[in-house]
Structures are given as structure tokens and as C-alpha cells.
Amino acid sequence: MSSRTSPISQPITIRRAVARDAKRLTRIMRGSGAYEGQYAAAVAGYRVGPDYIEAHRTFVAVGDDEDGGRVLGFYSLVLTPPELDLLFVADEAQGRGLGRLLVAHMQSEARAAGLDRVKVVSHVPAEDFYHRVGAVRTGTALANPPAVLWDRPEFEFRIPAE
């Protein structure tokens with residue numbers, strides 16, 4: 001799955017992230033409006049570096065037209081244990097269906113890797129999104145101070161074999 005079209009008919013390419021994407025991915029994550037105010041501490045010191053990209057299946061959504069090839073969102077799939085570790089869409093690109101597109105791509109990658117389920121520890125404001133894209137609530141991840149001072153919903157994507 002290398003190319004798809006979003007609901008607004010803008011061509012989007014999903015490709016494997018490379019080291020030169022690291023700074024943009026970190027900016028998307030740290031600049032997320034979902035992590036303002038009380039949630040800022042969770043991403044303040046976090047970075048997506050070339051080493052992280054090399055160690056995990058990290059993919060980026062790139063706008064082909066008016067976005068001039070810019071990275072608009074990304075996700076990272078950890079295989080052992082199976083987890084969707086990061087999923088971010090740039091604030092200016094939200095509402096276009098990119099998150100849904102990235103989840104579908106992640107499910108395809110998970111299936112290809114032989115996984116039958118993928119865990120997600122969700123950010124509280126993203127809980128409704130995960131419900132809408134088919135994840136099933138499985139529990140609660142307890143707060144982990146000092147960065148994460150709140151409990152978070154835990155979900156699971158069930159990956160059917162094709």
C-alpha cells in the first residue's frame with residue numbers, strides 16, 4: 001500500500017520514514033494541538049530520531065499536490081510486543097482522513113508481519129478517534145509521572161487474516 005487518495009481527493013503517498021524525516025516528525029508531534037496545556041509534558045522532551053526510525057516500522061503520509069511533498073502525518077508500528085507506538089497528523093492537515101488512512105496502512109503492515117492484534121495506549125483526546133477507526137477498548141494504562149500525570153485508555157486493533 002504505497003499510495004491512496006484522501007476523502008477530499010488530494011493524493012497522499014505513504015512511504016517508509018527515513019532519517020531525514022526525523023526533525024519533521026518531532027515537530028509534528030511536539031506541535032500537536034492535542035498536547036497543549038496540561039498534556040504538554042508528555043511530549044516536551046520526546047523526539048523521533050533517526051535511531052527510532054531505524055528501529056521501528058515508521059511510515060509517513062506525504063501530500064503530493066498543494067502540500068508540495070510535505071510530511072503531513074506519521075505512525076510507528078512496534079512488532080515486539082505489537083503496538084502502535086506513535087500516530088500523529090499535523091494540525092493543519094487534520095480533518096482530511098489522514099489518520100484513518102494511516103491506521104488502514106498500519107493494519108496492512110501488521111497483517112503482512114503476521115500480527116493478529118496491535119495494542120494502542122491512547123492519548124485521552126484521541127479516544128473517540130480510535131473508536132471510530134475500529135479499535136476496541138481493552139483497559140486503562142495508569143499514569144506514569146512525571147511526564148504522564150493521567151490515566152490513558154488502552155485499545156487493541158484486531159487484525160484479521162486475509
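If you're wondering where the values come from, they're calculated on a predicted model, not measured in any experiment. Every heavy atom of this structure was used, including side-chain atoms; hydrogens, water molecules and symmetry mates were not.
The shortest distance between side-chain heavy atoms of Tyr130 and Leu87 falls below 4.5 Å. In this structure, Met29 and Arg47 have side chains that are not in contact, with every pair of non-hydrogen atoms separated by 4.5 Å or more. Under the 4.5 Å side-chain criterion, counting only non-hydrogen atoms from C-beta, Ile14 is not in contact with Val60. In this structure the side chain of Leu25 reaches within 4.5 angstrom of the side chain of Ile53, judged on heavy atoms. Between Tyr75 and Leu86 the shortest side-chain heavy-atom distance does not fall below 4.5 Å. Residues Val118 and Gln107 form no side-chain contact, since every pair of their non-hydrogen atoms from C-beta on lies 4.5 Å or further apart.
In this structure, Trp150 is a member of the same hydrophobic cluster as Val43, with clusters built from ILVMFWY side-chain heavy atoms closer than 4.5 Å.
A donor-acceptor pair is defined here as one N or O able to donate and one able to accept, closer than 3.5 Å; no such pair exists between the side chain of Asp85 and the backbone of Ser76. Using a distance-only test at 3.5 Å, with no hydrogens or angles considered, no donor-acceptor pair links the side chain of Glu127 to the main chain of Pro153. Without hydrogens or angle criteria, Arg111 side chain to Pro160 main chain gives a donor-acceptor distance under 3.5 Å. A donor-acceptor contact shorter than 3.5 Å links the side chain of Ser32 to the backbone of Ala34. The backbone N or O of Asp116 lies less than 3.5 Å from no partner atom in the side chain of Arg158, so there is not a single donor-acceptor pair. At distances below 3.5 Å, at least one donor-acceptor pair connects side-chain atoms of Thr26 with backbone N or O atoms of Val48.
The shortest heavy-atom contact between Ala42 and Val148 is CB-CG2, 4.3 Å. In terms of heavy-atom proximity, Val121 sits nearest to Ala141 at CG1-CB, 3.7 Å. Gly31 approaches Asp91 most closely through the heavy-atom pair O-OD2, 3.4 Å. Taking every heavy atom of both residues into account, Leu79 and Arg57 meet most closely at CD1-NE, 3.5 Å. When all heavy atoms of Val133 and Phe157 are compared, the closest pair comes out as O-CE2, 3.6 Å. Between Ala61 and Leu102, the shortest heavy-atom distance links the atoms CB-CD2, 4.0 Å.
Heavy-atom neighbours of Glu54 CD from other residues, nucleotides or ligands within 6.0 Å: at or below the threshold of 12.
Rounded to the nearest 0.5 angstrom, Glu83 CD and Leu77 CG are separated by 9.5 Å. Separating the CZ atom in Phe129 from the CZ atom in Phe155 is a distance of 10.5 Å, to the nearest 0.5 Å. Between the OG1 atom of Thr140 and the CD atom of Glu154 there is a distance of 7.5 Å, given to the nearest 0.5 Å.
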For this session: With side chain to side chain contact (heavy atoms under 4.5 Å, CB included) as the test, would you mind laying out the steps for Arg15 and Val71 before giving the verdict?
Result: CA-CA 10 Å; Arg15 63 164 172 79; Val71 173; 4.0 Å; yes
Exercise. Would Glu156 and Lys119 count as a salt bridge (Lys or Arg N to Asp or Glu O under 4.0 Å) if you check the C-alpha gap in whole Å, the side-chain angles of each, and the deciding distance to 0.1 Å?
Worked result: CA-CA 4 Å; Glu156 183 176 87; Lys119 172 184 164 182; over 6 Å; no
Problem set entry | Residues His131, Val136; criterion side chain to side chain contact (heavy atoms under 4.5 Å, CB included); working and verdict | CA-CA 7 Å; His131 278 295; Val136 176; over 6 Å; no
Exercise. Going through the checks in order, is the side chain to side chain contact (heavy atoms under 4.5 Å, CB included) test met by Leu98 and Ile12?
Worked result: CA-CA 8 Å; Leu98 292 174; Ile12 299 293; 3.6 Å; yes
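Donor-acceptor pairing under 3.5 Å is lacking for the side chains of Tyr39 and His123.
Under 4.0 Å is where a charged nitrogen must lie from a carboxylate oxygen, and between Glu92 and Arg70 at least one such pair does. Salt bridge absent: Arg27 and Asp21 never bring a charged side-chain N and a carboxylate O closer than 4.0 Å.
Ring centroid separation for the pair Tyr35 and Phe88 comes in under the 6.0 Å cut-off.
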